[in-house]
Number of protein chains: 2
Amino acid sequence: MKEEFEMNPKENIHPIEAPAGLRERKKRLAQAAIEEAALRLFQQKGYEQTSIQDIADAVTMSSRTFFRYYASKEEVLSGPIRSTQLDGIRYLLEAEPPASPHAALQSVFGYLASQYEKQRPGLVLRYRIAGQTPSIASLFLYTLMEAEPALCDALCSRLETGADRDEVRFLVAVYMAALRVSIEEWLEQGDDADLVNVLHRHMDRLSSMPD
Amino acid sequence: MKEEFEMNPKENIHPIEAPAGLRERKKRLAQAAIEEAALRLFQQKGYEQTSIQDIADAVTMSSRTFFRYYASKEEVLSGPIRSTQLDGIRYLLEAEPPASPHAALQSVFGYLASQYEKQRPGLVLRYRIAGQTPSIASLFLYTLMEAEPALCDALCSRLETGADRDEVRFLVAVYMAALRVSIEEWLEQGDDADLVNVLHRHMDRLSSMPD
DNA sequence: TAATATAATGTCACTGAGTGACAAAAGTCA
DNA sequence: TGACTTTTGTCACTCAGTGACATTATATTA
């Protein structure tokens, strides 16, 4: 069992950060350099053929230091997905009380889709690697689904009607499935494909479900 | 990238096996002994605290030999889930042509639930470990979802109406989500809980979706 | 049954991920 | 500048997993 919900350095930065000392700036540069080099090498040589040492060499740091920025090799790839999911949880917590579970879920997942939409190039690359590397595909699934319990909690807490916990869990899982296949579909399409649109096509058919 | 769809020795056994030589019998015993020891140790000391060497010692074999039975430490845990999913694919391929996608999916997933139902004790144990070990939770998710493409293919091929591939993919994913949360719910309940029943409660609400 | 072929196991040496401990270097601030 | 804190590098280590090759056990056949 590892980091579970520990955040990586990037996520700790407060949205509007003041001047920021030299130390902070160097850390961000290092983090960015690692990510850049890692993605480049994964593309060039393949994920499994790229060692931490290769990445460390590429950015001239010790491999020990790599692990001070990323808890594992995998985390370089999953970071953006995880933080997007966390955004979704925050979004739901801050949203106005929903009219119905379906309305709330359409809203959060629509928001998530719009967030993923902004990251297309990075996601294309990441999912291409996932397609060739089961352990990464597995990680991405987990990273998506990991947010479900928090989403359930958030939704239940904002629903005045005492909704059945298990039903909410089911609904969240179903919408998550919709998001997941929408992302897959969207990434297979051309660069001008519209994720929000793909997701809505699927979600519309869900909202006719009886509560 | 590892074995992908390679089968472990157990799965290669033909259902009705004739006498079976000494070699075969020894292999099955070894495999069973490994699984037994591994599960016992995982329970006692925790998954991550148990090394391959510990398992090998417990059954008096070299750790090299462990890897001739299981491609990885994880595989000891995921094996039964994977083979159950494969059963589901086979079931769908051999079933009579379905009246509708929903009918077909209710049938396969009902079958899968009934298969999982038979394995409760092992699944309780495995999911307890998954709850403490993200990499295993991740693996279980993957093992479930991994069957989706094959399920889509099987379903599409048996549907006379030229169904939209993406819609079928979505439906399969949604039913898979139902199975997944049903299993989670069922494992949290008492020993006399009924998985098939839990799943049907969820699936019934799906079948009212427009195709 | 003995000789031979084949399959399973053990041994050894190796790569690579990940970690703990501690010393060296760099950034911070008075 | 000097004292303090954070970051980095070094080193030694554990553990998963693999390839190569010798050894042992099972299977086959004359």
Side-chain angles (χ1 to χ4, degrees), chain A residues 1-4 6 8-10 12-13 18-34 38 41-42 45-78 133-136 138-139, chain B residues 1-4 6 8-10 12-13 18-34 38 41-42 45-78 133-136 138-139:
Chain A
M1 182 151 54
K2 292 184 195 159
E3 8 73 73
E4 193 61 22
E6 177 191 315
N8 71 45
K10 211 177 211 169
N12 281 331
I13 305 168
L22 178 53
R23 235 174 223 170
E24 275 307 310
R25 266 178 293 145
K26 276 202 169 182
K27 265 168 61 174
R28 291 184 214 180
L29 283 179
Q31 174 118 1
I34 291 174
L41 289 169
F42 291 164
K45 325 197 320 176
Y47 177 77
E48 287 170 332
Q49 286 64 50
T50 302
S51 69
I52 304 293
Q53 192 56 57
D54 291 336
I55 300 169
D57 287 348
V59 296
T60 358
M61 63 168 50
S62 75
S63 62
R64 189 66 185 82
T65 297
F66 171 93
F67 288 109
R68 291 189 174 108
Y69 284 92
Y70 293 96
S72 68
K73 191 180 171 184
E74 293 180 340
E75 205 182 286
V76 181
L77 292 171
S78 68
T133 318
S135 67
I136 298 299
S138 166
L139 174 65
Chain B
M1 183 149 55
K2 289 180 199 160
E3 8 71 74
E4 192 63 21
E6 177 191 316
N8 72 43
K10 212 176 211 169
N12 282 329
I13 304 166
L22 177 53
R23 232 174 228 170
E24 275 309 308
R25 266 179 293 145
K26 276 200 168 179
K27 266 167 60 172
R28 289 183 214 181
L29 282 180
Q31 173 118 1
I34 291 174
L41 289 170
F42 292 163
K45 325 197 320 174
Y47 177 78
E48 287 170 332
Q49 285 64 50
T50 302
S51 69
I52 304 293
Q53 192 58 56
D54 291 336
I55 301 169
D57 287 349
V59 296
T60 0
M61 63 168 52
S62 75
S63 63
R64 190 66 185 86
T65 298
F66 171 92
F67 288 109
R68 293 189 173 108
Y69 284 92
Y70 292 97
S72 69
K73 191 178 170 184
E74 293 179 339
E75 206 181 285
V76 181
L77 292 171
S78 67
T133 318
S135 66
I136 298 300
S138 168
L139 175 64

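Small disclaimer: the values here were computed from a predicted structure and weren't measured. Per chain, numbering begins at 1; letters A, B, ... match sequence-line order.
Between atom NZ of residue B/Lys26 and atom CG of residue B/Leu29 there is a gap of 9.5 Å, rounded to the nearest 0.5 Å. Taking CD1 of A/Ile34 as the start and CD1 of A/Ile55 as the end, the distance is 8.5 Å to the nearest 0.5 Å. Residue B/Lys73 holds its NZ atom at 13.5 Å from OG of B/Ser78, rounded to the nearest 0.5 Å.
Closest of all the heavy-atom pairs between A/Leu139 and B/Ser138 is N-OG, 3.7 Å. Pairing each heavy atom of A/Met61 with each of A/Phe66, the nearest pair is SD-N, 4.0 Å. What you find for B/Ile136 and B/Leu77 is that their closest heavy atoms are CD1-CD1, 3.8 Å. Contact detail for A/Gln49 and A/Lys45: the closest heavy-atom pair is CB-O, 3.1 Å.
The CD1-P distance, from B/Ile52 to C/dT9, rounds to 16 Å in whole Å. Per the geometry, CD belonging to A/Gln49 stands 17 Å off P belonging to D/dG17, to the nearest Å. The CZ atom of B/Phe66 sits 13 Å away from the C1' atom of D/dC15 (whole-angstrom rounding). The distance between atom NZ of B/Lys27 and atom C1' of D/dT26, rounded to the nearest whole Å, is 12 Å. The CD-C1' distance, from A/Gln53 to C/dT15, rounds to 12 Å in whole Å. Rounded to a whole Å, the CZ atom of B/Phe67 is 19 Å from the P atom of C/dC14. What separates CD of A/Gln31 from P of D/dT7 is a distance of 12 Å, to the nearest Å. The NZ-C1' distance, from A/Lys73 to C/dT19, rounds to 17 Å in whole Å.
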Polar atom pairs between nucleotides 10-13 of chain C and protein, under 3.5 Å, N or O only, would you list them?
{"from": "C/dG10", "atom 1": "OP2", "to": "B/Ser62", "atom 2": "N", "distance (Å)": "3.0"}
{"from": "C/dG10", "atom 1": "OP2", "to": "B/Ser62", "atom 2": "OG", "distance (Å)": "3.2"}
{"from": "C/dG10", "atom 1": "OP2", "to": "B/Thr65", "atom 2": "OG1", "distance (Å)": "2.6"}
{"from": "C/dG10", "atom 1": "N7", "to": "B/Arg68", "atom 2": "NH1", "distance (Å)": "3.1"}
{"from": "C/dG10", "atom 1": "O6", "to": "B/Arg68", "atom 2": "NH2", "distance (Å)": "2.6"}

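Although no hydrogens or angles enter the test, the distance criterion places a donor-acceptor pair under 3.5 Å between the side chain of B/Tyr47 and the main chain of B/Glu74. For A/Asp54 (side chain) and A/Ser51 (main-chain N/O), a donor-acceptor pair under 3.5 Å exists by modelled atom type.
Taking the side chain as every heavy atom from C-beta outward, A/Phe67 and A/Glu75 never approach each other to under 4.5 Å. At least one side-chain heavy atom of A/Arg68 sits less than 4.5 Å from a side-chain heavy atom of A/Arg64.
Between D/dT8 and A/Tyr69, a contact under 4.0 Å exists linking OP1 or OP2 to a side-chain N or O.
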Where protein sits on nucleotides 24-30 of chain C, one letter per nucleotide: B base, S sugar-phosphate only, - none, heavy atoms under 4.0 Å: --BBS--
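Comparing the end axes of the helix from C/dT1-D/dA30 to C/dA30-D/dT1, each fitted to five base pairs by superposing C1' atoms of four pairs onto the next four, gives an inter-axis angle of 10° (nearest 10 degrees).
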